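Quick caveat, the model's predicted, so the values are computed rather than measured.
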Amino acid sequence: MVLARQERQRLFESIVAEILGFGPLEPLLADETITEIMVNGPKNIFVERKGNITRANVTFEDDDHVLRILDRIVAPLGRRIDESSPLVDARLPDGSRVNAVIRPISLVGPTITIRKFFKKPLTVEDLIKFGSISKEIVEFLRACIIARMNMIVSGGTGSGKTTLLNVLSSFIPNDERIVTVENAAELQLRQEHVVTLESRPPNIEGKGAISIQDLVVNCLRMRPDRIIVGECRSGEALDMLQAMNTGHDGSLTTAHSNSPRDTIARLEVMCLMAGMDLPVRAIREQIASAVDVVCHQERLRDGTRKVVKVTEVQGMEGDMITMSDIFEFEQTGVEGGKIVGRIRPTGIRPKFTDRIEASGIYLPPSVFGVGRTY
């Protein structure tokens, strides 16, 4: 069989990927324009580029082929996927997040979702260039982090919360001890003094599980200056709030929600999931005292990801938590399928400005839109 040099090279690369790499996924993982890979059974593979989902021109042979590649992903992490444990969260060597579901839970065959990480982590300058964030917001958030404000990055699935958390964590001074707690280690912190903790699912006997809640409680004994929780999903939210209220200022976490107000409401529900019979007012007082800033990010209809609101949690008024928007995204129209708008300051200065100034940072009035015309 006579093959052209290019075809021979492609065949060689396919065989090497099959023996040593991740088979048909290898070219997709190498393509830097792809941000997400979705395998819906052996024959249906989709990818996301610039927020738009298209079908990929690669396939697996059958279910067993997908399972072989899946075992190659999860085995080095000490995790397993089989009929008794058909769901798994894992990560690739470069930190990309992997979720997999197999039969009998998935009726279409083995399903893999890979959230890819950039080989070179995104920086603040990249986010400003993409229009995801404005210079004023960056200046404000940098001041908040250096002044040790507690912050929650909220947003929907795929809105870029972890990417933003990575960028924000780069503002943390190098001389501080950071402890990160995650389900699957995704954060790419560039500081030297970082301890990364990862939760663990139960073993085949149903024992040995280490939850995010256990790790948050444990990391309080590790003398952290900052605690970063990859995502609050349930009862660990109460322990996170306790940490924020007991001297671990400057902590960061992410949460799924549709707006900053929803973020606070979800925190209340997650605290109740801890199993404590606490009155709602007590939880609200904890939240109002612990959380200073909610930075809300959204994936807009055109696939772009933007910070749409930066909101200050001001405190309690009666039984309600009061909040005020410091920055918000204002949509002005749609051009060629792209959403047009700008992120503008509302003109309100946050109540904690004096705490920022006590850290030696003086933000000019123009950051908050004072003296500027739009």
Side-chain angles (χ1 to χ4, degrees), residues 141 144-154 161-162 164-166 168-173 175-187 189 191 193-200 209-257 260 263-295 311-316 321 352 355-356 359:
L141 294 180
C144 288
I145 287 172
I146 294 171
R148 302 180 70 88
M149 299 292 154
N150 293 320
M151 195 179 299
I152 296 177
V153 177
S154 64
K161 298 185 298 297
T162 306
L164 183 59
L165 191 64
N166 264 326
L168 294 178
S169 66
S170 67
F171 300 146
I172 298 173
D175 58 349
E176 294 189 14
R177 177 173 169 83
I178 305 165
V179 179
T180 71
V181 176
E182 298 169 88
N183 254 345
E186 294 179 80
L187 293 171
L189 273 63
Q191 286 84 348
H193 201 159
V194 178
V195 178
T196 303
L197 305 179
E198 190 176 59
S199 64
R200 186 176 73 184
I210 304 291
S211 68
I212 295 276
Q213 196 167 355
D214 297 331
L215 293 177
V216 171
V217 171
N218 182 77
C219 79
L220 296 176
R221 305 184 186 115
M222 297 172 68
R223 199 236 166 262
D225 288 311
R226 311 253 183 172
I227 299 169
I228 300 179
V229 178
E231 187 183 337
C232 278
R233 285 190 181 90
S234 57
E236 64 269 7
L238 182 60
D239 295 294
M240 185 73 196
L241 290 177
Q242 297 288 315
M244 288 175 169
N245 270 327
T246 52
H248 297 91
D249 297 329
S251 296
L252 299 163
T253 187
T254 69
H256 278 87
S257 74
T263 305
I264 300 301
R266 273 211 73 213
L267 272 178
E268 288 179 30
V269 173
M270 289 190 286
C271 289
L272 293 169
M273 288 168 75
M276 305 274 186
D277 192 15
L278 295 170
V280 173
R281 182 176 173 85
I283 292 172
R284 285 181 181 167
E285 284 174 350
Q286 286 286 310
I287 293 170
S289 171
V291 181
D292 296 305
V293 182
V294 178
C295 185
T311 304
E312 176 196 13
V313 179
Q314 294 184 321
M316 294 281 290
I321 295 172
F352 52 71
R355 285 173 60 188
I356 291 176
S359 302

Side chain to side chain contact (heavy atoms under 4.5 Å, CB included) for Asn166 and Leu189? Distances and angles first, verdict last.
CA-CA 6 Å; Asn166 264 326; Leu189 273 63; 4.1 Å; yes
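Applying the salt bridge (Lys or Arg N to Asp or Glu O under 4.0 Å) criterion to Asp292, with sequence neighbours excluded, gives Arg355. Partners of Glu182 according to the salt bridge (Lys or Arg N to Asp or Glu O under 4.0 Å) rule, which considers only residues two or more places apart in sequence or in another chain, do not exist here. Looking at residues two or more places apart in sequence or on another chain, you find a side-chain hydrogen bond (donor to acceptor under 3.5 Å, both in side chains) between Gln213 and Asp239. The side-chain hydrogen bond (donor to acceptor under 3.5 Å, both in side chains) search around Ser170 returns none, not counting sequence neighbours. Scanning for salt bridge (Lys or Arg N to Asp or Glu O under 4.0 Å) contacts around Glu285 gives Arg281, with sequence neighbours left out. In this structure Gln314 satisfies the side-chain contact (heavy atoms from CB on, under 4.5 Å) test together with Glu312, Thr322, Ser324, Lys351, sequence neighbours excluded. Considering only residues two or more places apart in sequence or on other chains, Asn183 meets the side-chain hydrogen bond (donor to acceptor under 3.5 Å, both in side chains) condition with Ser199. Every side-chain contact (heavy atoms from CB on, under 4.5 Å) that Ser234 has, sequence neighbours left out, goes to Glu236, Met273. Residues passing the side-chain hydrogen bond (donor to acceptor under 3.5 Å, both in side chains) test with Arg148 are Glu176, sequence neighbours excluded. For the salt bridge (Lys or Arg N to Asp or Glu O under 4.0 Å) test, residues two or more places apart in sequence or in another chain that qualify with Arg223 are Asp225.
Atom CG of Leu141 is separated from atom CE of Met151 by 5.0 Å, given to the nearest 0.5 angstrom.
For residues 264-280, the pairs satisfying salt bridge (Lys or Arg N to Asp or Glu O under 4.0 Å) are Glu268-Arg284, with sequence neighbours left out.
Using a 4.5 Å cut-off on side-chain heavy atoms (C-beta onward), Lys161 and His256 make contact.
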